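By convention in this document, chain letters (A, B, ...) are assigned in the order of the sequence lines, proteins followed by strands, and residues within each chain are numbered from 1. This structure is a prediction, so every number in the text was calculated from the model and none was measured.
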2 protein chains.
Amino acid sequence: MRMGEGVEWALHSCLNLTWIEPGEAMTAARLAAFYQLPPAYLNKQLQALVRAGIVTSTPGPRGGFRLARAPEEITLLDVVTAIEGTGEAFRCDEVLRRGPGGREDVDYRQQCVVAQSMRRAELAWRKELAGRTLAEVKATVEKRHPGTPASTRSWFAGLRT
Amino acid sequence: MRMGEGVEWALHSCLNLTWIEPGEAMTAARLAAFYQLPPAYLNKQLQALVRAGIVTSTPGPRGGFRLARAPEEITLLDVVTAIEGTGEAFRCDEVLRRGPGGREDVDYRQQCVVAQSMRRAELAWRKELAGRTLAEVKATVEKRHPGTPASTRSWFAGLRT
DNA sequence: GCCTCAGTACTCGGATAATGTCTGTCCGAGTGGGCATGG
DNA sequence: CCATGCCCACTCGGACAGACATTATCCGAGTACTGAGGC
C-alpha cells in the first residue's frame, strides 16, 4: 500500500502554481528544476492533472501549465485521485463467492462485512483529504513563511533554462 | 496506492480461525482450499501474521495456525500492518530540501504542510481500522448469518486434503 | 500385554522464478513568436 | 515606417525501455504420529 511519489510532486507543483502571476503559465521543465526532479516524468504527472481537469496546458512558446480553477475549489483528494486513480486501496476480490455457500447473484463488495469495514476506513481518509483545499495549504504556508510567494516568483523569474 | 490482495485473504482467514474449536489448529492448505486460493502463497501471508504475533504456528502433523490472542484483542489495523508493513502510504521524500531555501537541518517530514495534511488523513484511516476488532466483525457476521460458525466448522471437518 | 525405537508422513519456513506496476526517457505534433521581405 | 508571410524554436503529449515490488512456486528442516520389535 504505497502511494506513488508523483503525488508529492503534483501537490507541491500545484502549490507553486498558486504563486505565479495570474495569466502566466509555468512549463514542466521549470517546475521540475525547482525541486531538481526529472522533467519528463513530472510532465507525465502534470498530464494526469490535465486529464482530471485540475490544471490546463497550452503548448508552444510562452506555454505551460496553470491551475484550471481557484485554489479554493481544488482539494487534496482531487490531486491524489488524479495521480493514483479513483480505485480503492483495498481490493475486494470477493473471495466469499469462491467459498462454500457463495452465491453468484450477491455483490460481495457491498455485502461482505470485511469489505464494509475497510471501505468505512477509506471513506474517513477520503473525507479528510476532501476537506482540505489547496487554498488552505497555501494560506498555512504563507502564514508560517510570509516570504514564500515573493521568493518563489523571483526564483522562477531568475531561472535560465 | 493499491493494497496487496493478501490483506483480504489474511482478514478472511483470521475470521475463519475464530470459528475453529479451541485448541485446534488449521493448516494453510485447508484455509486456502476454503476460498480456492494458492496454498503456498497464503502460507506466505500467514507467516507475516506469525511474525506480527497475530497467529501462532505449529509444524508437523496436527499442526497449523491458530490465533495468538482473543479476537477482541486483534484489530483490523493489526492485520493490515502485518501484511502491508508499518510504512505510511504517502511517501514524503522531502522535496523541499532539494528546492531553493531548503535546509539540511530541518525534518520536512514533520514540518512540510503538505506532509502534515496527508499524515492527518492517514491517521484518520488508521484510527478507523484500529477501532474495529476481529470480534466485532465476527459478531456482525454471526448476527446476519447465524449458521456461519457451524457450517464453517462442518465444512472444514468434511474436507479431505 | 506393554514399552521402546526407528521410520514416515505431514507441517511450516525461507529461498527461488515469473509477472505486473511504477519509474524514467525519448521523439513527434502543434503552436506562437520573430525576422526578413515587400509595399 | 508598417503590414505580411515564412521559418524556427519551444511546449505539451503520447509511445517506448528499465527498475522495482508483488505474485506465485518449490524444496528443505523439524515434529508428532504409526507401526514393528523386544522385554
Is it true that, when you exclude [X] itself, more than 12 heavy atoms of the residues, nucleotides or ligands shown sit nearer than 6.0 Å to its [atom1]?
{"X": "B/Arg144", "atom1": "CZ", "value": "yes"}
{"X": "B/Arg120", "atom1": "CZ", "value": "no"}
{"X": "A/Arg98", "atom1": "CZ", "value": "no"}
{"X": "B/Arg109", "atom1": "CZ", "value": "yes"}

Worksheet item: Taking for each residue the nucleotide of DNA chain C with the nearest heavy atom, is it A/Pro39 or B/Met1 whose nucleotide lies nearer the 5' end?
Response: B/Met1
Worksheet item: Would you say C/dT11 has OP1 or OP2 under 4.0 Å from some side-chain N or O of B/Thr58?
Response: no
Worksheet item: Counting just side-chain N and O atoms, does A/Thr27 come under 4.0 Å of either OP1 or OP2 of D/dC10?
Response: no
Discussion item. Distance check needed: D/dT11 P versus A/Arg66 CZ, whole Å only.
Written reply: 13 Å
Response to the item:
Reading nucleotides 27-34 of chain C from 5' to 3' and marking B where a protein heavy atom lies under 4.0 Å of the base, S where only the sugar-phosphate is that close, and - otherwise, the string is ---BBB--
Fill in: Exercise: do B/Thr75 and B/Asp78 side chains pair donor with acceptor under 3.5 Å
yes
Discussion item. Short of 4.0 Å, heavy atom to strand atom, which residues of residues 40-51 of chain A count as contacting DNA chain C?
Written reply: A/Ala40, A/Tyr41, A/Lys44
Practice prompt. Determine the contact category for B/Ala25: base if any of its heavy atoms lies under 4.0 Å from a base atom, sugar-phosphate if only primed atoms, P, OP1 or OP2 are that close, otherwise nothing.
Written response: nothing
Worksheet item: Just checking A/Gly6: base, sugar-phosphate only, or nothing, at a heavy-atom cut-off of under 4.0 Å?
Response: nothing
Worksheet entry | Heavy-atom side-chain proximity of A/Phe156 to A/Thr27 below 4.5 angstrom | no
Item to complete: Between A/Phe65 and A/Arg2, name the one whose nearest nucleotide on DNA chain D is closer to the 5' end.
Response: A/Phe65
